[in-house]
Undergrad: 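I'd like to ask you about the structure that follows.
One is the number of the first residue; the rest follow in order along the sequence.
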Amino acid sequence: MRTILIIDDDVAFTAKLKEQLSEAGYRVLNSSIIAQAERECAREHPDLVLLEVRTERGAGWEALPRLTALQPVIVLSSAGLEEDVMRGFAAGAADYVTKPYRTGELLARIQARMLPEAPVIAPAKPSASAAIVEELPAMPSKRRPAEEEPEPVFMSEAEELALLRNTETTPIRQLTESEEQASFGHRLRAERQRRHLTLVQIENDIKVRMYYLQAIEDEHWSLLPRGPAALRMMRAYASYFGIDSAAAEAEYRSRYQVDDKGPSFSFTVGNVNTRITRRAPPRWLIVTLAIVLALAVAGGTIYYFDPAFFNQLLGTLSS
């Protein structure tokens with residue numbers, strides 16, 4: 001099994017990426033400390049390294065030349081400026097992918113940059129026909145379609161825009177019965193794939209990071225931020241496709257305590273239980289109290305330093 005080492009100090013992102021690579025059939029290691037990652041490279045000899053150069057406040061830039069001397073390195077970073085990409089390739093990176101990324105494209109780039117495995121040749125027993133085969137003239141072998149040169153992984157901006165335009169004309173299929181009855185996250189993914197949308201497009205539309213969208217689709221609630229923010233993300237993603245999120249919100253509330261209504265208390269009068277929720281005071285009241293407090297503080301300060309000021313002021317007003 002091919003081994004990939006992830007070097008990134010974003011724990012939530014690393015967990016999701018590790019899951020994606022494991023599902024693709026790779027053995028995945030990860031580290032958030034540069035020195036530890038270099039020791040891991042020397043010990044495990046991974047086939048490929050995915051490096052976030054901003055790890056440990058940019059220490060990944062310094063480690064990049066050392067890592068590329070040992071194995072292929074793909075820079076997978078949020079540093080996406082042109083000078084960052086040029087700096088990465090100058091330091092020996094085999095490829096440079098910026099966040100957010102398309103999962104399929106990342107897997108294709110990983111496969112293209114992975115070192116080829118050494119072929120394992122089993123020892124063959126000599127047979128009577130071996131001598132005859134050796135005497136036959138060598139015939140030019142025809143390359144099968146599967147052995148043709150792989151298509152280039154890089155895509156120009158014009159080709160990418162054309163691909164997005166083509167998906168708009170692709171007919172939208174109907175959901176199957178199993179997809180309609182699936183769980184909340186699986187139904188969101190089925191609906192997104194049915195409409196030929198990417199997580200990047202949805203992120204731009206509803207302003208929710210694609211890492212959280214993937215966590216919602218996989219129903220990995222532990223990767224979402226705690227509290228009302230997670231519920232707002234779930235509602236935004238569900239309303240984007242017109243799906244009811246009540247069941248998923250109830251499941252989230254059953255696992256994590258969500259306080260989205262402010263503090264409250266209850267008491268019992270006779271046989272009637274009364275619950276009182278404390279609400280924030282109106283804005284005009286807060287402004288009025290602030291002005292009164294400021295005037296009181298100013299008057300007290302003036303009286304402390306100049307007690308005769310108010311006597312003079314009263315005399316002036318009375319005259």
Undergrad: Quick one: list whatever passes ring-ring contact (aromatic ring centres under 6.0 Å, His included) with Tyr303, sequence neighbours left out.
TA: none
Undergrad: Are Trp61 and Phe89 linked, directly or through other ILVMFWY residues, by side chains that come within less than 4.5 angstrom of each other?
TA: yes
Undergrad: What about Ile206 and Tyr252, same hydrophobic cluster or not, with Ile/Leu/Val/Met/Phe/Trp/Tyr joined at side-chain heavy-atom distances under 4.5 Å?
TA: yes
Undergrad: Start with the C-alpha distance between Leu188 and Ile243, add both sets of side-chain angles, then the distance that settles side-chain contact (heavy atoms from CB on, under 4.5 Å), and finish with yes or no.
TA: CA-CA 8 Å; Leu188 284 174; Ile243 297 176; 3.7 Å; yes
Undergrad: Among residues at least two apart in sequence or on other chains, which ones pass salt bridge (charged side-chain N to carboxylate O under 4.0 Å, His left out) with Glu203?
TA: Arg209
Undergrad: Measure across Ala93 and Thr68 and return the closest heavy-atom pair with its distance rounded to 0.1 Å.
TA: N-CG2, 3.9 Å
Undergrad: Same hydrophobic cluster for Met86 and Tyr96, using side-chain heavy-atom links shorter than 4.5 Å among ILVMFWY?
TA: no
Undergrad: Thr3 versus Leu48: any side-chain heavy-atom pair under 4.5 Å?
TA: no
Undergrad: Hey, are the side chains of Leu293 and Leu289 touching, using non-hydrogen atoms and a 4.5 Å cut-off?
TA: no
Undergrad: Report the C-alpha distance between Arg87 and Glu83 in whole Å, list the side-chain angles of each, state the deciding distance to 0.1 Å, and finish with yes or no for salt bridge (charged side-chain N to carboxylate O under 4.0 Å, His left out).
TA: CA-CA 6 Å; Arg87 181 182 178 184; Glu83 51 266 30; over 6 Å; no
Undergrad: Identify, with sequence neighbours excluded, every residue that meets side chain to side chain contact (heavy atoms under 4.5 Å, CB included) alongside Asp306.
TA: Ala308, Phe309
Undergrad: Who pairs with Glu219 by salt bridge (charged side-chain N to carboxylate O under 4.0 Å, His left out), at least two apart in sequence or on another chain?
TA: none
Undergrad: Taking Leu76 as the starting point, is it possible to reach Val11 by hopping between hydrophobic residues whose side chains are less than 4.5 Å apart?
TA: no
Undergrad: Could you walk me through whether Leu213 and Ile202 pass side-chain contact (heavy atoms from CB on, under 4.5 Å), step by step?
TA: CA-CA 9 Å; Leu213 297 177; Ile202 300 176; 3.9 Å; yes
Undergrad: What is the distance from atom CD of Glu23 to atom CG of Leu107, rounded to the nearest 0.5 Å?
TA: 10.0 Å
Undergrad: Same hydrophobic cluster for Ile33 and Leu67, using side-chain heavy-atom links shorter than 4.5 Å among ILVMFWY?
TA: no
Undergrad: Report the distance from atom CZ of Arg187 to atom CG of Asp244, rounding to the nearest 0.5 Å.
TA: 8.5 Å
Undergrad: Would you name the heavy atoms of Tyr211 and Pro100 that are closest together and state the gap between them?
TA: OH-CA, 4.5 Å
Undergrad: Going by an N to O cut-off under 4.0 Å, is there a salt bridge joining Arg195 and Glu191?
TA: yes
Undergrad: Carefully, step by step, assess Leu5 and Ile7 under the rule side-chain contact (heavy atoms from CB on, under 4.5 Å).
TA: CA-CA 7 Å; Leu5 173 62; Ile7 305 176; 4.1 Å; yes
Undergrad: Between Gln201 and Asn204, is there a side-chain heavy-atom distance shorter than 4.5 Å?
TA: no
Undergrad: Hey, could you give me each pair passing side-chain hydrogen bond (donor to acceptor under 3.5 Å, both in side chains) that has a residue in residues 31-44? Not counting sequence neighbours.
TA: Arg27-Glu44, Glu38-Arg66, Glu40-Arg43
Undergrad: Of all the heavy-atom pairs spanning Ala248 and Phe184, show the shortest one and how long it is.
TA: CB-CD2, 3.4 Å
Undergrad: To the nearest 0.5 Å, what is the distance between CE on Met1 and OG on Ser22?
TA: 8.5 Å
Undergrad: Within a strict 4.5 Å, meaning less than it, do heavy atoms of the Glu249 and Arg235 side chains meet?
TA: yes
Undergrad: Could you tell me the separation between the CG atom of Leu50 and the CG atom of Asn30, rounded to the nearest 0.5 Å?
TA: 11.0 Å
Undergrad: Under 3.5 Å, is there a donor-acceptor pair between the Glu52 and Thr55 side chains?
TA: no
Undergrad: So which pairs with a foot in residues 213-245 pass ring-ring contact (aromatic ring centres under 6.0 Å, His included), sequence neighbours left out?
TA: Tyr237-Phe241
Undergrad: Would you find a donor on one side and an acceptor on the other, under 3.5 Å apart, between the side chain of Ser239 and the backbone of Gly242?
TA: no
Undergrad: Can you name the closest pair of heavy atoms from Ala94 and Arg113 and give their distance?
TA: O-NE, 3.1 Å
Undergrad: Are side-chain heavy atoms of Gln214 and Thr103 found at a separation under 4.5 Å?
TA: yes
Undergrad: Look only at the side chain of Glu56 and the backbone of Ile34, and say whether a donor-acceptor pair between them is shorter than 3.5 Å.
TA: yes
Undergrad: Do NZ/NE/NH1/NH2 and the carboxylate oxygens of Asp8 and Lys99 come within less than 4.0 Å?
TA: yes
Undergrad: Using modelled atom types and a 3.5 Å cut-off, is there a donor and acceptor pairing between side-chain atoms of Arg2 and backbone atoms of Tyr26?
TA: no
Undergrad: Does the side chain of Ile110 reach to within under 4.5 Å of the side chain of Ile4, using non-hydrogen atoms?
TA: yes
Undergrad: Do Asp84 and Val75 touch side chain to side chain, with heavy atoms closer than 4.5 Å?
TA: no
Undergrad: Would Cys41 and Val49 satisfy side-chain contact (heavy atoms from CB on, under 4.5 Å), going step by step from the backbone distance to the final call?
TA: CA-CA 9 Å; Cys41 285; Val49 173; 4.0 Å; yes
Undergrad: Please find the pair of heavy atoms, one from Tyr101 and one from Met210, that lie closest to each other, and give the distance.
TA: O-CE, 3.2 Å
Undergrad: Could you tell me which non-hydrogen atom of Glu217 sits nearest to which non-hydrogen atom of Leu199, and how far apart they are?
TA: OE2-CD2, 3.7 Å
